[in-house]
Amino acid sequence: MNVSELIGEWYDRNKRNLAWREEGLPYQIWISEIILQQTRVNQGTPYYFRFIRQFPDIKTLADAPVNEVLHCWQGLGYYTRARNLHKAARIIMEEYNGKFPEEYRVIRKLPGIGDYTAAAIASLAFGEAWAAVDGNVYRVLARYLGITDPINTGPGKKVFLQAANDLLDRKDPGKHNQAMIELGALICLPRNPACDVCPLQASCHARQKNAMGDLPVKVKKPKPSHRYFTYLVVAMGDVIFLRQRAVGDIWALLYDFPLIETETEEPIGKLLSGKFWESTFTGCEAVIISSAREYRHILSHRILHTRFIRIEVRKPISYPGVIQVKRTDIKAFPFPELISRYLKEEKLLTISQQS
DNA sequence: AATTCGTGGGG
DNA sequence: TCCCCAAGAAT
């Protein structure tokens, strides 16, 4: 037996009875597919029933105020799904005479319907041969065929779409697609897949190599780490204290201010009462001008929680690498964008800065 | 191509 | 508590 036959037989015996499958109507399938985008069946099911009861057909949906649709969607998340659903219903009423379009190319154009959803509707409702590749199918294909291309890049997705279409049963693409999805949802789970009851276990690449945990491959974007900066903007009359940043950290060789970096968000009082304050400000007659002005700055791979404290002193502070700069000369120094933004907003630049 | 959009469940 | 991530699409 080929893959399609194996999973088809398994599907017949093990499929869940999901309401929107029963009648195979395009409207019901459409609504269910939109609801289930990035949403678990258990979470979406009650919404499906409520939605169908309140908007039993395309015309009812199109005639309803969008706010009613949104209200029905309340709590589900991704609210543009609801807006697009409503928008698409009106398009179907106006351009397709209220009849759900039957061709993939036409379905695909409706707002809120991408490659996956168009293929799902075209195959499930109209029997067209388009492979529907969702998160479940990526997982099944990656493991069964041993595909190591990443599932979250453009080129990688093309590889999976090709593989899915190669495997597709063109006699019954609707059943094939549902069986693939169902297998991923019930057996080929992200963690702890139930390989011992999988209809594909005998010929599964990952199963032979014991590589279920390594597939599918996803290029991981380094999760942004958080850093907590407290800058001390120290002025002595007409002079500001700057510091050049070291190599080997963000903003190498650019200028900023004396800085206290902490692991977490610390109370200001704690920072200013400790050793740092003593070693930096002893004998300076320091006076805090303003407390914390807070900024959040997003870099490509980190989130900076930054606050600025303005301090006035009568004598120079002691801080490694610190330099004294007259306010009128500040504009000559290169700053990271965050610091520039602060300087501008605080009007610490006496002359407007050109960049 | 990389971001953004929500919420809930499980390890 | 934290992190992953789940029937994706639009920009």
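Naming convention: chains lettered A, B, ... in sequence-line order (proteins, then strands); numbering from 1 in each chain.
- Along DNA chain B, the nucleotide nearest to Tyr79(A) and the one nearest to Pro155(A) differ in position, and the one closer to the 5' end is contacted by Pro155(A).
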Base versus backbone protein contacts along nucleotides 5-11 of chain C [heavy-atom cut-off under 4.0 Å; B, S, -]: BBBBSS-

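- Note: Trp73(A) and Tyr47(A) fail the aromatic proximity criterion, with ring centroids not under 6.0 Å apart.
- In this structure a side-chain-to-backbone donor-acceptor pair under 3.5 Å is present from Gln208(A) to Ala202(A).
- Apart from Val217(A) itself, the hydrophobic cluster it occupies contains Leu215(A), where clustering links Ile, Leu, Val, Met, Phe, Trp and Tyr at side-chain heavy-atom distances under 4.5 Å.
- Between dT3(B) and dC4(C), the two P atoms lie 16 Å apart (nearest whole Å).
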Decide yes or no on salt bridge (Lys or Arg N to Asp or Glu O under 4.0 Å) for Lys175(A) and Asp169(A), but give the supporting numbers first. CA-CA 9 Å; Lys175(A) 177 177 172 182; Asp169(A) 172 15; over 6 Å; no

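- Nucleotides dG11(B) and dA7(C) have their P atoms positioned 15 Å apart, rounded to a whole Å.
- Using cut-offs of 30° and 60° on the angle between ring planes, the pair Phe308(A) and Tyr231(A) is parallel.
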Go through it in stages, so that I can follow the logic: the residues are Asn84(A) and Arg81(A), the test is side-chain hydrogen bond (donor to acceptor under 3.5 Å, both in side chains), and I'd like the CA-CA distance, side-chain angles, deciding distance and then a yes or no. CA-CA 5 Å; Asn84(A) 283 334; Arg81(A) 290 186 295 178; over 6 Å; no

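- In this structure, the OH atom of Tyr47(A) is 9 Å from the P atom of dT7(B), given to the nearest Å.
- To the nearest angstrom, P of dC4(C) lies 20 Å from OH of Tyr138(A).
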